[in-house]
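Read through the structure below, which is laid out as structure tokens, and then see the notes.
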Amino acid sequence: MNTMLFFRKQMFIVSVLALLLTPACRRELLDQAPDEQISDATAFDTPDRIEKLRFGLYDALKAPSMYGSRFMVYSDIRGEEFLNEGMQTGNGLQVWNHSLDAFFPEVTEVWTAGYAIINGCNIFIDGIQKNKAVLHNDQLAIQYEAEAKFIRGLTYYCLLTLYARPYPDGNGAKPGLILRLLPEPGSSNKNQSRTTVAAVYDQILEDLDFARDNLPLNRGNDYGNTTLAHRNTAIALKTRVLLTMGRYQDLITEASTIVSATAPFVATGQGVPNALQDDILRVFSSPYTTLENIFSLPNTAADPLYLQRAAASYYNPPPNGLGDYSLNPNGILMDAAFAATDDRRQFVFDNPENNKPYLIKYPTGTPHTDYVPVIRYAEVLLNLSEAHARTAGLSQRAVDLLNAVRGRSNPAGVYALSDFASADALIAAILKERRIELMGEGFRSNDCTRLLLPIPGKGNIATIQPNDTRYIWPIPSNELDTNDFCEQNPGY
Amino acid sequence: MKQLLCLLALAWLSALPALAQRAISGKVTNTDGEALAGVTVISPGQAGGTSTNEAGIYQISVPGDAGVLRFTYTGYQTIELALGTSSEYNPVLQPNTNTLQELVVVGYGTQQKRDITGNIATVNGDDLPDIPAQSFDQLLQGRATGVNVSLPNGVLNNPPVFRIRGINSISLSSYPLIVIDGMPSFTGDISSPLPAFNFTAHNVLSGLNPADIESIDILKDASAAAIYGSRASSGVVLITTKNGHEGSARVNYDAWVGWSQPARLPNMLNAQQYVKIKNEGAHNAGLPDQFFLDSINGQLIDTRWFDHIYRTGFSHNQNLSFSGGGARTKYYISLEYTEQEGIIRKNNFERLGGRFNLSHRFGERFRVGTNMAYSNIENQSTGTGSVPGQSFYWYGMGRLAMTSPPNVGPYLTNGDYNGGWPLGSGKNLQSFIYPNAVALLDRDRFVNQARQLQASVFAELEPWKGLLLKSQYSRMDIGSDDEFYNSPLNDDFGYIYKSLLKNRRWNWQNTAGYDFNIANRHAFNVLAGNEQQYSEVNYFGADRYGAADPFFATFGGNYLGNTVYGQDSRNFLYSWFGRVSYAFDQKYLLTANLRQDEYSAFAPGHRTGTFWGISGGWILSEEAFWEGAVGEWVNYFKLRGSYGEVGNNSVGDYAALSLFGSGIYGDNATFYFSQAGNPNLSWETSKKTDIGFQFGLLNDRLQGEYTWFKSLIDGLLLQAPQPPSLGIPNNAIAANIGSMQNTGHEFGLSGVILQKRMFSWRSTVNLTFMRNEVLELSAGNEDIFGYTADFELANITRVGESAGSIFAIPTQGVNPENGRRIFVKADGTLVQYQHLDDEPWTLVSNGLPTSAPSILTDGRVYGPALPKWFGGWNNVFQYGNLDLNLEFNFAGGNYVYNGSKAGLRDQRWWNNHTDVLDRWSESNTSGSIPRLVYGDNVSNGSALPISENVEKADFLRLRNIMLGYQLPAALLSRAHITGLRIYVNVNNAWLLTSYSGTDPEVSTNGNSNQAPNVDRNTAPMARSYTIGLNLNL
């Protein structure tokens, strides 16, 4: 046997094998990118993507812990109108009975959702400034910036109402929020302290002024006028902010652009002619886009609010919701001001299963497709009514504004100026009307705290006094753990 | 080089066949004198060979100058007889106690056990017990040093907690890399990937029939595992499936039937006690009676919900295999069918599987083969609340079995269900918001079906002796579909979800190995190779809600709304690797491994990682000086040590990228910031040191080993927490920060304790002591809290402590003065809690109001959740044809957070454990349970984790007891049966522990590194009884 020949034969086989294997190398597969998300490098590449990023800011407001709709639910169940059913932790039980701790999910999630919206706005504002060339339309760029600032202002305001002492407590001198105005795509600027409450309000007002001056007057259709911000939206929100700050005179000035001097009250000027609807039920039923719905977040079958997160889930008894909260029969329900014939009683459902009343303002079961009402014209009228009552005492205009809201649901219940012995009595009636009109829309907690009033107890849950630690929420523990300069609210 | 070639040529020439032949024959028997059929007989170095016939007789023709005959038979020691002038040799084969000569599977090859310098534990497939188990990993409890396996609960096919030398990561998987016949497998639970829909458990590894396993080799140290580079940090488990042996065909039929029951259920209040306890709480809350004995239609009801939710499950398994082969072709074919019922109603497992392993040799130098397995699996379940992330689901049967009130039942007097969702509360004044477990069990449906194909082909070429070129291409294809259906009859709504998850992978390995020996003293084993692996996961699912009519119970029915889900991801690993083993004089051993991986999940520039391991050994017993000294006693002694660096790359496929996701706002599409990436992301690196020795005493009658190990994991990949005010998605950015260390000692001893003519006792003990310590976390060493189901915080990962340590607020029993639970704040202040008081928290000292304690400021580390010691003790007693196996395992030095106990004492409407009967009252001021106040969810730990619920996890378990009988050969031979063994078996037979819950090994969070050892609303373990037979034809 020829050894050399043998070796050659073997070498041949090895070489053939090696040749077969060589083209099989697939190193190019090392470059992988996701199919469902786009890279940050291309997010601002086209005007179309920028527009979608803009819609993304609005959509962020629908985060479950913000307006999608736990922020509203928490703000309401802190008050006295709701009773917890089933004592289930995780469904706001500790919000309801005021036993929150800094690490509780309710505390961390609202904060986190809020700042995610704020960072989204900051990234967007920065992005459109850097990509003006892509947009090729300076007016549109400014309008987009105005929308982002409106959303940022709204979000800062929401967070203030839960996590900081009310403005009247020391005229905003108490610790407010961490004011983040720069984009944070990564981790560079961890440590930042809380500014004062007043400084946050200043920023909110600055954002809303910018929004008011640069938002379009009209979106051209009902859907756009309800789901996207326009000039009136910014003004309406400003009345809420000024009311919370107790700047009533400024409120009156601001509101004059969107509330006519005499009844029937409508938004005059060139903007959307926002006005009350004749029937409140229309405001809370499809298509949810009346002139009263100044700003609502749309929900559709393709984009609903999720189970256990929607107000509909908390308040409707089964089958439309989980019925975590029934209405307190000893709350506003038993108040003489809330007449049995009042249209708004139609939002109260006596559940035959357990003979308890439930709120059915958001009646649609899963998928929860009722729009989330963020700002209604009725609220603006009540804000303005209160401002007049507080500045001018027994004022006919205050009573007219109050009656506009009250009378459309309870025509027999309208007030005459002479019904009120004092300005305080008038203010009390306005506050009571807010409880009836805005029930379940997230106002109750702030309506107590902005006036430094106690948060009334309910059932066996005690009243929380304004000097109580629990009057406001703690700053979340994960903020304190990671941000060396952030201070906790006293007592927590 | 020239010299080397010369040597090679010499080696080649010396192997050329000589021409003269002689015939040799004889009979092979075992130590009992029984003839052994199918023993392989060869003359080493020569082609061909033969095997013994039924009577143990062989005949072989060997070259005239052949010096030895080698006899090989599975389960027996291989012997080599020196040939003299005789033509008849009748060897007696010894059973295989001498495992040192066994071949051990190492990465991309095999090595003789005695030459191995890395740390490898081997488990023989035949040692795995025949019990109702769904995957082989469940069967590894207590079998090897350094390997800790525990079942998380009695839910079928729930992946076990599997840790090799503790946890080796904090955020990434600590599950070892599982390699089946060279193909790295997917691991984990592959039922629906969305946690909210993941009701059924489906361990990927259940696709492998445990009966097909020949051996399991567990690579523990860096030297052994380094050849797997970036995937080796948590150890590597190499599975080799069975193949045929030369000789006549063998047919095995194994079958068993078994029964499983829930073990150690808690004692619950009966209806009378329930009504009394709850009303007492109501009175203390200022309420009149809320609960009534005659709550349903005036009938007295006393429901033991356990009886409606748990059951005795019946299981059976049938396994048939054929194996055999000749000198050229070898085959193993098996078919298996098993049906298993779990302890929870509607929890079932079914597998139909087959395997086909074949190899064929063409000529002397070329071999091709294939390994192929297919299985069809059905996992049926219910919402057990016992798979990770679901412990607080209202659907959880583990919890419903405990909370459901005994004074109502699942049915009304007319036979209708007593409500669906929620359970009807009858006359009781409090509503039971949880569902009626029986209505759910009867009407709802949760099914996961999976098809798993694993196939590989390989070709081996040995162009000249010692050089082996091998190419293996493997595919793993898994299709797993899920369906769950909530009947509208229960919740007035109706819901169905269906999804398909596809896990697909191809893997191509090309290796060249070369074994050569220079001057008979320098033995080299060299390996080089390339591996490419591409993996793809595709998922889509849809749910349909709002059934148009209760009639619609399938996906195609009519529903009012739909939601769809989809997700795809891919990764690719491209690697080069090599190994050199060198032995000098068979006593000085050295092995070096090197691997370079490139992985697609990391950004360009950070993709390439180099991993390596080096180890050395010295077989002292081969030294001349050994002979005289201790050699008589210690026939084998090896010192070994290794060091190396390996990685963990189990990050998300796109973790390095910053991304924008897309959604919908009303009528419009959106984009939003969805992930803050870190382009500098890289692997975690484990630096592993391992030093030890192995020995054999009295001619290997007793074998043992000791190892000290240390694993320092650097660059731990953590989701570095960011201040939420930055607004970064998930408040975290993945980064390589932090380090952790495992150190420990492993002891193993096995041997024949008694060996008489009829009776023998063999025993194996393994024992591991280890300690985990977190050395560094993200900036500022911020603690990482471990949450159970995103909700209950009872674990902490803190620098200086063991990862995932148990964390709770200290409590000091009940204040005898007023019946309030006493909590201890961080500054030592004692505070007490009274539910519903205006000022619920007061100081014990003076009763003045104070703030509530908080887990963050007042929590204290109670101790490690990871066991500090664990091991197993396995015994085989043999008396004639009877054998008795006793297998124990044990672990301890750690703690469990018994969250279920908080639930069992919760003062909402939930039923309670009978221990609440010892509640504080005016007349029982020494009561161990705080004064009952209806609605109190604080005093017993539902709202805050308390030390009252922290318990020691130490246990000793009689894991398995088996009695078998081998029918006498004489009886069987007439029926042409080679062997028949029958056995009875009790699994989880007995447990010694002070733990008050169902089982200290329960793991609500599965394989979680951050929240281990939590028992929260979890179903108990099973105890099972089986009867079976093994038949060999």
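So you know, we letter chains A, B, ... as the sequences are listed, proteins then strands, and number each from 1.
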Exercise. For Glu353(A), does the CD atom sit with more than 12 other heavy atoms under 6.0 Å from it, leaving out its own atoms?
Worked result: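 No - once you tally the heavy atoms of other residues, nucleotides and ligands closer than 6.0 Å, there are 12 at most.
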
Exercise. Does atom CG of Asp790(B) have more than 12 heavy-atom neighbours, drawn from other residues, nucleotides or ligands, at distances under 6.0 Å?
Worked result: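 Count not over threshold, so no.
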
Only pairs of heavy atoms separated by less than 4.5 Å count here; which of [options] has the most with chain A?
options	answer
Ser658(B), Ser662(B), Ala676(B), Gly663(B)	Ser658(B)
Thr670(B), Leu657(B), Asp492(B)	Thr670(B)
Ala669(B), Pro604(B), Gly566(B)	Ala669(B)
Asn678(B), Asp667(B), Asn937(B)	Asp667(B)
Phe392(B), Tyr672(B), Phe493(B)	Phe493(B)
Ser725(B), Ser942(B), Ala735(B)	Ser725(B)

To the nearest 0.5 Å, how far apart are [atom1] in [X] and [atom2] in [Y]?
X	Y	atom1	atom2	value
Leu659(B)	Thr42(A)	CG	OG1	9.5 Å
Ile728(B)	Ile123(A)	CD1	CD1	8.0 Å
Phe103(A)	Leu944(B)	CZ	CG	5.5 Å
His835(B)	Asn97(A)	NE2	CG	7.0 Å
Leu856(B)	Asp481(A)	CG	CG	6.5 Å
Trp111(A)	Asn731(B)	CH2	CG	11.5 Å

Between [X] and chain A, with a heavy-atom cut-off of 4.5 Å, which part of the residue counts as in contact: side chain, backbone, both or neither?
X	value
Trp841(B)	neither
Thr563(B)	side chain
Pro679(B)	neither
Glu598(B)	both
Phe660(B)	both
Leu793(B)	side chain
Phe785(B)	side chain
Gln430(B)	neither

Proximity breakdown for [X] and chain B, heavy-atom pairs closer than 4.5 Å:
X	result
Ile178(A)	side chain
Phe124(A)	neither
Asp40(A)	both
Arg54(A)	neither
Arg180(A)	side chain
Ser296(A)	backbone
Leu297(A)	both
Leu53(A)	both
Asp101(A)	side chain
Ala60(A)	neither

Check whether any side-chain heavy atom of [X] sits under 4.5 Å from a side-chain heavy atom of [Y], and report yes or no.
X	Y	answer
Pro367(A)	Tyr545(B)	yes
Glu85(A)	Ile433(B)	no
Tyr115(A)	Leu726(B)	no
Gln32(A)	Asp653(B)	no
Glu184(A)	Gln722(B)	no

Based on non-hydrogen pairs under 4.5 Å, which of [options] is most in contact with chain B?
options	answer
Pro183(A), Ala113(A), Pro34(A), Ser477(A)	Pro34(A)
Leu30(A), Asn119(A), Asn191(A), Leu159(A)	Leu30(A)
Asn483(A), Asn478(A), Thr300(A), Leu182(A)	Asn478(A)
Ile461(A), Asn460(A), Asn299(A)	Asn460(A)

Exercise. Is there a donor-acceptor pair under 3.5 Å between the side chain of Tyr665(B) and the backbone N or O of Thr227(A)?
Worked result: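 Confirmed, Tyr665(B) side chain pairs with Thr227(A) backbone.
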
Exercise. Between Arg26(A) (side chain) and Gln532(B) (backbone), is there a donor-acceptor pair under 3.5 Å?
Worked result: no

For this session: With sequence neighbours excluded, tell me which residues meet side-chain hydrogen bond (donor to acceptor under 3.5 Å, both in side chains) with Asp35(A).
Result: Arg570(B)

Any idea which heavy atoms bring [X] and [Y] closest together, and the distance?
X	Y	value
Pro724(B)	Thr482(A)	CD-OG1, 4.0 Å
Pro723(B)	Glu479(A)	CB-OE2, 3.4 Å
Ala943(B)	Gln94(A)	CB-NE2, 4.3 Å
Gly666(B)	Pro298(A)	CA-CG, 3.7 Å

